A.B. asks: 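Structure in C-alpha cells, see below.
The first residue of the sequence shown is numbered 1, and numbering continues consecutively from there. Any value given below was found using the heavy atoms of this structure, including those in side chains, with hydrogens, waters and symmetry copies removed. Note that the structure is a prediction, hence the values are computed from the model and not measured.
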Amino acid sequence: MEKVPNLRNRKEKGLTLVEVVVSLAVVVIVSLAVVSIVVSSSSSLQSASLKGFFTHEVDTLGNLFLSYPDASDYHDAMLAYTGKNVTRGTDYTLYYDASFHYAAEEGSFYYLTAEFDGAVLRLASFRQNGNEIVKKEVGA
C-alpha cells in the first residue's frame, strides 16, 4: 500500500508575513537610530565650530582694545582687522553671514556687540534670533 504524503509535516520554504513585518520593523528602528546619531553629531560639530569662531573673535577684539589705548591706534587696528571704521569709546555691532564673514545687517546670521563703559569693553556674540553664543568683558 502506498503512503500518502503528510502535508502538515512538510517543511515549507520562504518567510511568513509575521517574519517579514518583524524584520522590517527592526530595520526601520535601526535606521532611525543611525539617522538620529548622525543628525545629533552634525549639530554638535556645528555648535562647537560656531562657539570656537566667536570665542576667537571676542578674544581678538578684546586684545585689540587692551593693546591700543590710543583712540587713533585703536581705530587703525580695527580698520585693519575688520575693515570697519570703529571709534574707541563708541558702541558698535558687527554682523556676520553663515560663513562667518562680515556682512550687512540684512543678510546676517550672527552679530557681535561691543559696549564701552569707560575703561571696560563688554563683548557679546549672538545668533540672529538673539540667543547668546559667547561673551567677555575686558579692561579695568
A.B. asks: Please check if any side-chain donor atom of Glu106 sits under 3.5 Å from a side-chain acceptor atom of Tyr95, or the reverse.
C.D. replies: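 The criterion, which ignores hydrogens and geometry beyond distance, is not satisfied for Tyr95 and Glu106.
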A.B. asks: Is any side-chain heavy atom of Thr60 closer than 4.5 Å to a side-chain heavy atom of Tyr81?
C.D. replies: yes
A.B. asks: Are Phe126 and Leu121 co-members of a hydrophobic cluster defined by side-chain heavy atoms under 4.5 Å apart?
C.D. replies: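 No, Leu121 does not connect to Phe126 through the hydrophobic network.
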A.B. asks: Run the side-chain contact (heavy atoms from CB on, under 4.5 Å) test on Ile133 and Arg127 for me, step by step, so that the C-alpha distance in whole Å, both residues' side-chain angles and the decisive distance to 0.1 Å come before the verdict.
C.D. replies: CA-CA 7 Å; Ile133 302 168; Arg127 287 182 172 84; 4.0 Å; yes
A.B. asks: Can you check side-chain contact (heavy atoms from CB on, under 4.5 Å) on Leu50 and Gln46, steps first, answer last?
C.D. replies: CA-CA 6 Å; Leu50 179 67; Gln46 183 181 14; 5.6 Å; no
A.B. asks: I want to check something: taking the side chain as every heavy atom from C-beta on, are Thr16 and Val20 in contact at a cut-off of under 4.5 Å?
C.D. replies: no
A.B. asks: State, yes or no, whether a side-chain contact exists between His75 and Asn85 at a heavy-atom distance under 4.5 Å.
C.D. replies: yes
A.B. asks: Considering residues at least two apart in sequence or located in another chain, which fulfil the salt bridge (Lys or Arg N to Asp or Glu O under 4.0 Å) criterion with Lys136?
C.D. replies: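 In terms of salt bridge (Lys or Arg N to Asp or Glu O under 4.0 Å), with neighbours along the sequence ignored, Lys136 is linked to Asp59.
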A.B. asks: Distance under 6.0 Å and angle within 45° of the ring axis: does Arg88 meet both against Phe65?
C.D. replies: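 Satisfied, under 6.0 Å and within 45°.
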A.B. asks: Would Leu15 and Leu24 show up in the same hydrophobic cluster when neighbours are defined by side-chain heavy atoms closer than 4.5 Å?
C.D. replies: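 Leu15 and Leu24: one cluster.
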A.B. asks: Just so I know, are the side chains of Thr82 and Leu94 near enough to count as touching, which here means a heavy-atom distance under 4.5 Å?
C.D. replies: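 They are in contact (side-chain heavy atoms under 4.5 Å apart), so the answer is yes.
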A.B. asks: Can Val86 be reached from Leu66 by stepping across I, L, V, M, F, W or Y side chains whose heavy atoms are under 4.5 Å apart?
C.D. replies: yes
A.B. asks: Starting at CG of Asp76, measure out to CG of Asp70 and round the result to the nearest 0.5 Å.
C.D. replies: 9.0 Å
A.B. asks: Just how far is it from atom OG of Ser108 to atom CD of Gln128, taken to the nearest 0.5 Å?
C.D. replies: 5.5 Å
A.B. asks: So with a 6.0 Å cut-off around CD of Glu132, is the heavy-atom count from everything else above 12?
C.D. replies: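 It does: Glu132 CD has more than 12 such atoms within range.
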A.B. asks: Give, for atom CD1 of Ile37 and atom OG of Ser40, the distance between the pair rounded to the nearest 0.5 Å.
C.D. replies: 8.0 Å
A.B. asks: Show the nearest heavy-atom pair for residues Ser99 and Asp97, with the distance to one decimal.
C.D. replies: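 So the two residues come closest at N-OD1, 2.9 Å.
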A.B. asks: Just distance, no hydrogens or angles: give the donor-acceptor pairs under 3.5 Å from side chains in residues 110-119, sequence neighbours left out.
C.D. replies:
unit_1 : atom_1 : unit_2 : atom_2 : d
Thr113 : OG1    : Ala124 : O      : 3.4
Asp117 : OD2    : Arg122 : NH1    : 3.3
Asp117 : OD2    : Arg122 : NH2    : 3.4

A.B. asks: So do the side chains of Val134 and Leu123 get within less than 4.5 Å of each other, counting heavy atoms only?
C.D. replies: no
A.B. asks: Would you say Tyr92 has more than 12 foreign heavy atoms packed within less than 6.0 Å of its OH?
C.D. replies: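 Counting neighbours around OH of Tyr92, more than 12 heavy atoms of other residues, nucleotides or ligands fall under 6.0 Å, so yes.
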A.B. asks: Looking at Lys84, I'd like to know if its NZ atom is crowded, meaning that more than 12 non-hydrogen atoms belonging to other residues, nucleotides or ligands lie closer than 6.0 Å.
C.D. replies: yes
A.B. asks: Run the ring-centre check on Tyr96 versus Phe53 and record whether the distance is less than 6.0 Å.
C.D. replies: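 Here the rings of Phe53 and Tyr96 have centres that are less than 6.0 Å from each other.
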A.B. asks: Could you list the cluster mates of Leu45? Members are the ILVMFWY residues connected by side-chain heavy atoms closer than 4.5 Å, either directly or through other members.
C.D. replies: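 Taking Ile, Leu, Val, Met, Phe, Trp and Tyr as members, Leu45 stands alone, with no cluster partners.
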